[in-house]
Protein chains: 2
Amino acid sequence: MVKRVSLSDAECPVARSLDGIGDWWSLLIVRDAFDGARRFGEFQKSLRISKGILASRLQGLVALGVLAVTSASDGSAWQDYVLTPKGEALFPVIVALRQWGEAFCYRPGEPHSELVDRKDGKTLAPLIVRNADGEIIRARDTIVMKI
Amino acid sequence: MVKRVSLSDAECPVARSLDGIGDWWSLLIVRDAFDGARRFGEFQKSLRISKGILASRLQGLVALGVLAVTSASDGSAWQDYVLTPKGEALFPVIVALRQWGEAFCYRPGEPHSELVDRKDGKTLAPLIVRNADGEIIRARDTIVMKI
DNA sequence: CAGGATCCAATACGATACTG
DNA sequence: CAGTATCGTATTGGATCCTG
């Protein structure tokens, strides 16, 4: 992948996460996987990414354990890429990015897609950071404990 | 920044977010800002990033409205970089990445830093995605509504 | 269609030197 | 210390061609 400087041995989980999925394409591929994409061509069409980069990113995500390859759901000779539990666990990350984008990256009234409850079509609740007791907590009331 | 392909006009908020902060360094800079870093040198020492790239990323984050420049807190001739409300709103994104990294990117027993409540030192609660009624919802129970 | 191989342009990034 | 400027290299990412 990139390896500008080794973050893979970082003691900070944020750095280690970004070392794996912090590139330009990986999270968009994961988003499409949540959206139902499984085939090489589906990702390619949705992302308008070159085949070489897509292939390398898919391999990287498989190597990371975020995606897994399975035999094709439609019986074709090829394979599907499906989210693993590790990949599914990225759901809060995608939702957080989506909610931040909705709130701060659109002009008022500018249209954008929306993630809704399948059952009632209503927008999800905003993600709230809470402490161990379930109380809402702000960034300034937290601190990073070094190892 | 990069502009491999224009995501800045994407109708998907995830893509638009990543267009602004989805590069290798920006979210780490934001993490350090949450951590209390304000000065050029603080970011540089923490990230071990080259000065040129750091300067360009700081400028980009200021242009995006994630950081703002203020007069130095210590009275020196230079300036501080502080989070704006838009930057503070990235807190759930950072927390989500941190919790995912903690859960999936360390071997059992491998040490890592931890984000805790300043008040009692206890680890934060895991982020939970909920629907409009406050019920826990899984990815497969959601769907993206196109514009 | 799913990929891999190759070629090429653009740039991200590090290292260094320079300035106030 | 806080940047800016320059340079060299590695990598990105698109386009094209090729295969089963």
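Each chain gets a letter, A, B and so on, in the order the sequences are listed, and its residues count up from 1. Not measured: the values here are computed from a predicted model.
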### Task
Send over the distance from A/Gln44 CD to C/dC1 P, rounded to a whole Å.
9 Å
## Note on the structure
For A/Cys12 and B/Tyr106 the tightest heavy-atom approach is C-OH, 3.3 Å
### Per A/Trp78 side chain, nearest of listed nucleotides D/dG13, D/dG20, D/dA2
D/dG20
#### Entry: Ionic contact status for B/Glu42 with B/Arg39, cut-off 4.0 Å
no
### Query
Below 4.0 angstrom from OP1 or OP2 of D/dG13, is there any side-chain N or O of A/Ser50?
no
### Task
Measure the shortest side-chain to side-chain distance between B/Leu90 and B/Leu83 over non-hydrogen atoms and say whether it is less than 4.5 angstrom.
no
### Task
Please work out which residues in residues 62-70 of chain B have a non-hydrogen atom less than 4.0 Å from an atom of DNA chain D and list them by number.
none
### Query
Has A/Trp25 got a side-chain N or O lying under 4.0 Å from the OP1 or OP2 atom of D/dG13?
yes
### Message
From the set C/dG3, D/dA2, D/dG3, return the single nucleotide nearest to any side-chain atom of A/Tyr81.
### Response
C/dG3
### Task
Rounded to the nearest angstrom, tell me the gap between atom CG in A/Asp23 and atom C1' in D/dG13.
12 Å
### Message
Over 60° means perpendicular and under 30° means parallel, so tell me whether B/Phe43 and B/Tyr81 are parallel, tilted or perpendicular.
### Response
perpendicular
## Note on the structure
note: A/Arg39, atom CZ; C/dA2, atom P; distance rounded to Å ~ 5 Å
#### Entry: Distance below 4.0 Å between A/Gln59 side-chain N/O and C/dG4 OP1 or OP2
yes
### Which nucleotide in D/dA2, C/dA2, D/dG3 has an atom nearest any side-chain atom of B/Gln79
D/dG3
### Message
For the backbone of B/Gly65 and the side chain of B/Thr84, can you confirm whether one donor and one acceptor N or O come within less than 3.5 Å of each other?
### Response
yes
### Summary
Closest of C/dA15, D/dG3, D/dG13 to the A/Arg57 side chain is D/dG13
### Query
Counting heavy atoms not belonging to B/Lys119, are there more than 12 under 6.0 Å from its NZ?
yes
### Task
Send over the distance from B/Leu54 CG to D/dA2 P, rounded to a whole Å.
10 Å
### Query
Between D/dA15 atom P and A/Lys51 atom NZ, what is the distance in whole Å?
12 Å
#### Entry: d(CZ, A/Arg48; C1', D/dT12) in whole Å
18 Å
### Query
Once you round it to whole Å, what is the distance between P of D/dT4 and CD1 of B/Ile53?
13 Å
#### Entry: Between C/dG14 (P) and B/Lys45 (NZ): distance, integer Å
18 Å
### Query
Between C/dA2, D/dT4, D/dG13, which nucleotide gets closest to the side-chain atoms of B/Ala55?
D/dT4
